[in-house]
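Every chain is numbered from 1, with letters handed out A, B, ... down the list of sequences.
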Protein chains: 2
Amino acid sequence: MTRSVVSVTVDLVLLTIRQGALQALLVRRGIPPFQGRWALPGGFVLPDEDLAEAAARELREETGVDPTAGHFEQLATYGAPGRDPRGRVVTVAYLALLPDLPSPVAGSDAAGADWRPVDDIEPGELAFDHDRILGDGIERARAKLEYTPLATAFCPAEFTVADLRTVYETVWRTRLDPRNFHRKVTGADGFVEPTGGTVIRDRGRPAQLFRRGPATLLHPPLLRQSSPPGS
Amino acid sequence: MTRSVVSVTVDLVLLTIRQGALQALLVRRGIPPFQGRWALPGGFVLPDEDLAEAAARELREETGVDPTAGHFEQLATYGAPGRDPRGRVVTVAYLALLPDLPSPVAGSDAAGADWRPVDDIEPGELAFDHDRILGDGIERARAKLEYTPLATAFCPAEFTVADLRTVYETVWRTRLDPRNFHRKVTGADGFVEPTGGTVIRDRGRPAQLFRRGPATLLHPPLLRQSSPPGS
DNA sequence: GAACGTTGTCGTCACAATGACGATAAAGCC
DNA sequence: GGCTTTATCGTCATTGTGACGACAACGTTC
């Protein structure tokens with residue numbers, strides 16, 4: 001049996017919503033290969049570390065973020081033979097959806113780290129196969145908003161229905177009717193719970209505050225491409 | 001940087017429907033560790049092999065099945081430090097949904113291979129963490145039947161609506177109303193296409209034959225737990 | 001070969017979910 | 001006090017859905 005000996009890394013697709021755009025955290029690589037190029041944050045898995053543990057550690061190291069703040073899940077694993085010039089490196093990608101953090105991407109050991117609007121990232125700009133990994137992560141996030149309450153992971157602990165709608169509109173790059181959206185969100189079992197408080201954002205009538213509800217699956221779901229009824 | 005050097009394997013969750021039950025292909029391990037115990041088929045990734053390639057090769061070796069016959073996708077990756085007594089082994093699990101194959105699980109190099117109804121597999125019966133991997137695969141299959149036309153992967157090239165209904169009923173362990181199911185399947189865009197032919201299965205009126213349609217996403221979806229309308 | 005059971009397919013009905021959109025509420029600004 | 005802006009509630013027509021009736025088309029049985 002020819003068993004291949006490889007290195008294993010974790011890479012992170014960290015998504016948040018800042019300044020009205022879906023943004024991903026990228027780091028500028030300080031060492032070869034791909035020195036100076038933008039890449040997903042990540043690193044090698046330590047000898048006695050579980051994969052999720054390694055991903056959570058990298059998340060803390062690169063962003064100072066508590067992994068429990070948003071949502072965190074395994075995305076997929078990439079292991080094409082030529083994907084890393086250093087040799088055979090298999091990477092397990094994790095996807096995190098985070099609220100817009102005041103934390104200044106502290107404590108990074110990379111040359112630089114920055115949030116970048118995903119629409120501004122050119123194809124081929126990222127190191128390794130990180131283009132594809134990022135794309136898969138975004139696609140996963142888009143799909144999961146339909147059937148799960150994960151949009152709340154982009155929001156702080158308390159948020160308004162309009163905040164949540166902005167999440168959907170930004171991630172899906174769509175416009176949603178505020179009235180229908182309000183009905184669906186408040187009607188889906190366990191999606192959101194009112195806290196009792198209200199806030200005034202900029203202008204207009206004060207909005208109720210909500211927190212995440214206990215649901216793990218949305219029922220009914222908020223479907224993206226509904227067939228137009230009158231056609 | 002402490003980079004961990006590990007071995008990488010692929011493991012396969014192969015699901016099919018035989019004798020009215022959801023069954024998984026298991027092999028009896030011929031060598032330690034876990035010698036004599038049932039396990040998922042799998043093996044080490046070769047030095048110059050992509051992960052999906054390795055999984056497809058194992059599928060051919062263990063079952064003689066063409067991977068294009070059904071559906072094939074990456075499931076998840078498992079890499080807890082203690083999961084393999086031989087050392088650090090990270091495994092990338094793949095999920096395949098296959099039609100009931102006449103192929104007699106040929107050419108297996110394991111001590112034995114057999115289809116086993118998933119409900120008959122005792123917790124803790126499988127080697128390594130294969131219990132959990134199998135469970136994750138089944139859960140993925142259940143969920144994907146709702147939103148994708150993947151149920152057709154369990155069927156041969158031509159099938160009846162009743163065949164397809166049996167797939168749903170078996171995987172979901174539910175009963176579905178034949179009339180409503182017929183309406184939804186034939187009404188969902190691109191789910192199935194009539195071939196023009198008909199068959200008589202055992203008794204009763206002949207049924208139309210269908211093949212898979214071009215859709216990759218079901219619209220509208222076939223939801224599992226619909227809230228009862230009259231309650 | 002007519003009656004019967006069995007399975008496939010079409011229809012109907014009431015209710016739920018949805019998109020379009022009107023109406024009102026409650027704040028700040030002039 | 002008007003005006004603008006945003007939040008929230010309602011209405012209406014259409015579609016999707018579960019429960020179930022009706023009929024079609026086969027094999028089997030008497």
Rounded to whole Å, NE2 of A:H219 lies from C1' of D:dT17 at a distance of 11 Å
When rounded to whole Å, the CZ to P distance for the pair A:F181 and D:dC9 reads 15 Å
Next on the checklist: With a cut-off of less than 4.0 Å, is there a side-chain N or O of A:R203 near OP1 or OP2 of D:dA7?
Outcome noted: no
Rounded to whole Å, CD of A:E169 lies from P of D:dT6 at a distance of 12 Å
Separation of C:dT18 atom C1' from A:R224 atom CZ, nearest Å, is 18 Å
**Asked** Do the charged groups of B:D177 and B:R179 touch, with an N to O distance under 4.0 Å?
**Response** yes
For this session: Mark yes or no for whether B:T198, through its side chain, and B:A207, through its backbone, hold a donor-acceptor pair below 3.5 Å.
Result: no
**Request:** Answer yes if the side chains of A:D163 and A:T160 hold a donor-acceptor pair under 3.5 Å, and no otherwise.
**Result:** yes
Whole-Å distance, A:L164 CG to D:dA7 C1', equals 15 Å
In terms of ring plane angle, is the pair B:Y94 and B:F72 parallel, tilted or perpendicular, where the classes change at 30° and 60°? parallel
A:R165 atom CZ is separated from D:dT5 atom C1', nearest whole Å, by 12 Å
When rounded to whole Å, the CG to C1' distance for the pair A:D163 and D:dT6 reads 12 Å
Name the pairs: protein N/O against N/O of nucleotides 9-12 of chain C, kept only if under 3.5 Å.
residue, atom, partner, partner atom, Å
C:dT9, OP1, B:Q208, N, 2.8
C:dT9, OP2, B:H182, NE2, 3.4

Rounded to whole Å, CG of A:D177 lies from P of C:dA20 at a distance of 7 Å
Identify whether the distance between the nearest side-chain nitrogen and carboxylate oxygen of A:E193 and A:R211 falls below 4.0 Å.
yes
Out of C:dG19, D:dG27, C:dA27, minimum distance to the side chain of A:K184 belongs to C:dG19
N/O donor-acceptor pair under 3.5 Å between B:R140 side chain and B:L75 backbone:
yes
